[in-house]
Amino acid sequence: GPMRRWNLPDLRGWLETLEAGTAPPRGQEILEREQRLLERVMLGVRTRGGVDLGALRRECGDAATDALIQRATDPTEAGLLVLEGDRLRPTLEGMALADRLAIELTA
């Protein structure tokens, strides 16, 4: 969703807070549409599940999703991505170049 949350970075402090019977403090932020798009793409190109284009369309809109699909043309032709139904999946070679793909797809 639109919220990113995180726990204490200090494991010892986190455990001590839990042992004291309180919830560890955490931070949170609301992600803008562009941040949600970037996160979905960055995570998607690192997994066999790929980018769920339907979820992306619902969260970020038609224009952003269509632009992503258009930018995926060259990497797809290069054998780095495969468009399967409503998923844009990285190939094995594509996963090895995940950072590059994320940049190309969201630039």
Check your understanding: Quick one: does Glu34's side chain get under 4.5 Å of Leu38's, heavy atoms only?
Key -> no
Interatomic distance, [X] atom [atom1] to [Y] atom [atom2] [nearest 0.5 angstrom]:
X	Y	atom1	atom2	answer
Glu32	Cys60	CD	SG	11.0 Å
Gln28	Ile30	CD	CD1	7.5 Å
Leu11	Glu16	CG	CD	10.0 Å

Residues that, via side-chain heavy atoms closer than 4.5 angstrom, fall in one hydrophobic cluster with [X]:
X	result
Val45	Leu37, Val41, Val51, Leu53, Leu56, Leu68, Ile69, Leu80, Leu81, Leu83, Leu88, Leu97, Leu101, Leu105
Ile103	none
Leu43	none

Review point. Minimum heavy-atom separation for Ala102 to Met42, with atom names?
Key: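 Between these two residues, the closest heavy atoms are CB-CG, 3.7 Å.
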Check your understanding: Do you know which two heavy atoms are closest between Pro90 and Gly44, and how far apart they sit?
Key -> CD-O, 3.8 Å
Can you check whether [Y]'s main-chain N or O pairs, donor with acceptor, with [X]'s side chain at less than 3.5 Å?
X	Y	answer
Arg36	Glu59	yes
Arg89	Arg48	yes
Thr17	Thr22	no

Among residues at least two apart in sequence or on other chains, which ones pass salt bridge (charged side-chain N to carboxylate O under 4.0 Å, His left out) with [X]?
X	answer
Asp52	Arg87
Glu93	none
Asp66	Arg57

